[in-house]
Participant: 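Right, I'll just put the structure down here and ask away after.
In what follows, chains carry the letters A, B, and so on, assigned in the order in which the sequence lines appear, proteins first and then strands, with residues in each chain numbered from 1.
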Amino acid sequence: MEHAEASLVEEARKGSHEAFSRIVRLHQAQVRGFLSRFVRNDDVVDDLAQETFLSAFRGLGGYKGDAALRTWLLSIARHTALRYLEDLRRRRSRETAGLDAELDLWLAEQAVDGSLEARHQKEMTALEACLKKLPPKSASLVAEFYYQRHPAVEIARMAGKKESAVWMALLRIREALRECVKTRLEMA
Amino acid sequence: MSDARVVDLWARHLADVPLDADDQAELRAALARNDEFRAEAMRDLSFDRMLRARYRASQDAEAFEHALFRTLEAERDATRFLRKVNAKLQASGGRGDRPIPALVALAALLGLAILVAVPRAPSTPVVEAHAGTAVVETTRPVAVPDAEPHAPVGEPARPERSAAAEEDEAARAEREALEKKLAEARAREQQALDEMLRRAQDGAPPATEAACGRVETATGDAFVLTRRGRGVARIGEALAEGDSVQTGAGSASLAFADGARADLAARSRLRVERGRLVVVAGQLTLRAPGPFVVAAPHGDATGSGAALRVDVARTSTRVEVLEGRARFGEIDVPGGHVATAIGTREPVVRMRTPERVAYGCAQAAEAATSLPIGREPGAAVSIRFRAPYTAAVPEVRLVFACGKGESSGSGGEVRVELREDGRVLAAALVRKPRAQGERAVAFDRPATVEAGRAYELVLANPDTNPRDNWISLRTLGGGRSGSPIVHAVEIAYRSAHGRAFVGPGYAEASPPVAIAGAARVRERIAVRGEDVHVTSVSVCVRRVGRPGPLTVRLEEAGGAVVEEAAIEPKSGAWTTVPFARPRTLRAGKTYHVVLSAPAGDRYEIVALAPGVGFKSPEIFVDGVAQATEGAAWEDLDGRKDFDWPLHFGVAPR
């Protein structure tokens, strides 16, 4: 752990909200991004992220500094997400849950061990590099759909394309990116 | 993925296109029965989540932090309060570690109320169960040994009945005060809860939620998206952090608490966040009297006291600074300049092309009036203008009129001053204006002007005998004739990102040409660059006698009529012919605007040519003035740079 971060943790342990606020600012993007891998609904992601930081604040006394603070926070985030999903599972059977919730559960089953925290940053770095290699049209489509949140139907309308062309293009772009990320991680 | 139908359903679902119940069932069944498909789908889903995570991480950060800190603050207050209650009870009641159960319950309720009342990110009912979990954990510190003083360790616990009997007057008063305080706090929290319940019931904007702006105007399809859902934008509707405004075919104007005003164009989306506006798509025009942050995919536009337009397109972000200056990412963008970031490339800054008010030659020699410069002592010619750029002005270009009645004697001298609010920014002296072949007048020092601010160009005659020695400034057009361009003065602007000349540019006129019978004139227009969307055509002619109607016809190069109208124009003034519907002049194609009239009395029209050395964008390079006596069409005087006073109205962007 870097010295500056260690002293922030130390101050936060003593009850400094200012220090904890700085920790939140440093890591909120990572934590929220990480939680987005478990849960699709953005509002739920933010709720879980809030829960993660509140738990971290209360549990700072138990943080020994063995792992990086980020890894520790991601670990709390994973547990928070799994607890939420477990709750979801108890409340609804898969048949009555929405398809998104069901897929969240499918995904969660693959993330019960702690390997995702370690992989997350590497994968995101590789993804960043791969996104830069996308052809302009594909990059534009990814930005429109994932960043600007344009519905696929609207993208199709504006581009004068069939809707199916848009969702199939997104599928193929994901496949291409996946291959690219896999190659990068293998080479690293 | 082998089954095309299932793959299509899968791709649709991840593209957020709703599946009906049957489709969902089909996809579920495929996921359940086909391990290979499920494994591949999970890999794809995992990647979809990675992409969402990548963009999610950068969004709504401030709103998230704000909500979290408010929750933390509330938790701290609740914890501190409960500790204090516990300590007070121990100290005043002398019951060791046995607090009064009702007060503890009350305190716990208060803690619960504070936490519930703290605005949180919207959640599904399931997540609200998590909020409940948090409350349970929040109450834990009550049991934790705290820093407040406890009752002395060695003091023996006394029976409850005898303790009450021995309670002295001061302790009772203190406890009553504490209970009163608790009751008041509970009432306040109850009020907050009631307000929350009312919000939930009627969907009205919360009174406690800080409204940071409101909808001023909304036309056509314009919507406000809040945590409560999406609704048609209503005039006066409050906007809070986290709300979005989206337009379809319509537009919306928003006003913010800090005095900023934002106009959202059609097919645009804007999100209001704490301390910043996020342009998700489309075009936003912002006028901010104070500091501002406009977030866009390629970076933040920041600054203070400026007007700017931000366009977010598929692969690019364009930041145009209309007034003041701003930064786009790490790059400084002066007023009148535009920064464009395309793809992953760094933004490039350049001077923007002044907004086109007309397509064609929008001056009229018919309205020419040469203005005497300082013929009367103390008299001067003043030309006011609004600077389109933040730039240096090293020179101006103008035309002196030396004909009969336009000058006298030596012509005097002409002092040219560039002023702002009466203060002279730069000056130049033209000693022998009659002999001036050159029309460029360089200032003693370049003045710096700011885009959007008003300035004045003042021309005076410092000659000792101005009544005998004077000269005129030649002007074309002007308010009297309704021309959108007023003066034949061109101002040079120079910045680190380029050089531009702004002004009408036209300065010289031909003798009048007749329009009657076989004598017709036309402007031949070869559209360059991009398509031009036009809504009307305006012409300026002079009547001689009582001619019949003037026919104005827009036709394609092959002669096909696009628009035609017969008008009775005023003499020497602009007459506008609106089109039945907007027309598009296609880039690369040639069109004609033909003016004709019956034989007999006639109309006259005067062609214009650009001034020597003038480079203004107002010079109509796409057009050529042509005339015919009945045979072939010929360029007027064989020149390619003459234009008829004729222009199209351009549809607004």
Side-chain angles (χ1 to χ4, degrees), chain A residues 17 20-21 24-25 28-30 32-34 36-38 40-47 49-51 53-54 57-58 84 87-88 91 99 102-103 106-107 110 123-124 127-128 132 136 139-140 142-153 163-164 166-168 170-171 174-175 177-178, chain B residues 7-8 10-17 19 24 27-28 31 38 42-58 60-61 64-65 67-69 71-73 75-76 120-124 126-127 129-131 133-134 137 140 227 267 269 280-281 297 312 314-315 343-344:
Chain A
H17 273 235
F20 191 70
S21 300
V24 170
R25 289 196 182 100
Q28 61 85 13
Q30 282 279 343
R32 291 163 73 224
F34 183 70
S36 299
R37 298 188 67 165
F38 291 87
R40 192 177 196 184
N41 184 308
D42 287 344
D43 292 334
V44 177
V45 166
D46 275 5
D47 265 352
Q50 203 174 92
E51 196 68 22
F53 281 110
L54 287 171
F57 184 64
R58 294 182 202 120
Y84 160 73
D87 197 26
L88 192 70
R91 283 165 180 269
L99 189 54
E102 189 176 343
L103 292 172
W106 283 109
L107 263 191
Q110 301 175 356
E123 287 177 345
M124 296 308 280
L127 173 64
E128 207 60 41
K132 285 182 179 160
S140 159
V142 167
E144 269 187 288
F145 182 74
Y146 285 104
Y147 177 79
Q148 297 175 3
R149 311 277 182 96
H150 286 313
V153 177
E163 292 169 15
S164 58
V166 172
W167 65 64
M168 290 309 288
L170 284 168
L171 180 77
R174 284 196 300 271
E175 281 176 350
L177 283 171
R178 211 168 70 205
Chain B
V7 171
D8 185 69
W10 174 255
R12 265 174 69 188
H13 180 67
L14 285 206
D16 297 334
V17 180
L19 302 180
Q24 285 202 28
L27 187 54
R28 271 198 178 97
L31 285 165
R38 187 172 65 243
M42 288 305 113
R43 282 194 287 273
D44 188 39
L45 178 64
S46 176
F47 219 85
D48 172 77
R49 293 294 167 78
M50 272 176 70
L51 282 163
R52 287 173 197 271
R54 190 257 183 188
Y55 292 107
R56 177 68 189 148
S58 61
D60 305 331
F64 169 77
E65 287 166 15
L68 175 63
F69 296 153
T71 307
L72 269 174
E73 194 65 27
E75 176 165 332
R76 182 173 61 168
R120 291 167 60 89
S123 53
T124 62
V126 174
V127 177
H130 273 259
T133 309
E137 291 179 8
R140 278 182 200 152
R227 290 168 180 177
R267 288 172 290 282
R269 182 164 176 168
V280 180
V312 173
R314 291 176 162 211
T315 56
T344 55

Participant: Which of parallel (below 30°), tilted (30 to 60°) and perpendicular (above 60°) describes B:H13 and B:W10?
Facilitator: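 Ring orientation of B:H13 relative to B:W10: tilted.
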Participant: What residue in A:P151, A:P136, A:A49, A:A139 has the most heavy-atom pairs under 4.5 Å with chain B?
Facilitator: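 Option with the greatest count: A:A49.
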Participant: Could you check whether the rings of A:F53 and A:F20 sit parallel, tilted or perpendicular, using 30° and 60° as the cut-offs?
Facilitator: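 A:F53 and A:F20: perpendicular rings.
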Participant: Can you tell me which portion of B:R43 sits under 4.5 Å from chain A's heavy atoms? Options are side chain, backbone, both or neither.
Facilitator: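 For B:R43, backbone and side chain are both near chain A.
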Participant: Which of the residues B:L14, B:L27, B:L31, B:L19 is involved in the greatest number of heavy-atom pairs with chain A at under 4.5 angstrom?
Facilitator: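 That would be B:L14.
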Participant: How about B:R49 and A:S36: do any of their side-chain heavy atoms sit closer than 4.5 Å?
Facilitator: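 They are not in side-chain contact.
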Participant: Report the residues that fulfil salt bridge (charged side-chain N to carboxylate O under 4.0 Å, His left out) with B:R267, sequence neighbours left out, ordered by chain and then residue number.
Facilitator: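 Partners of B:R267 under the salt bridge (charged side-chain N to carboxylate O under 4.0 Å, His left out) test: none.
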Participant: Please rank A:V166, A:L127, A:V142, A:L170 by heavy-atom pairs under 4.5 Å with chain B and give me the top one.
Facilitator: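 The answer is A:L127.
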Participant: Could you work out, with salt bridge (charged side-chain N to carboxylate O under 4.0 Å, His left out) as the rule, every residue matching B:R269, not counting sequence neighbours?
Facilitator: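 Salt bridge (charged side-chain N to carboxylate O under 4.0 Å, His left out) check on B:R269 returns nothing, list empty.
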Participant: A:E128 versus chain B, heavy atoms under 4.5 Å apart: side chain, backbone, both or neither?
Facilitator: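 Side chain only.
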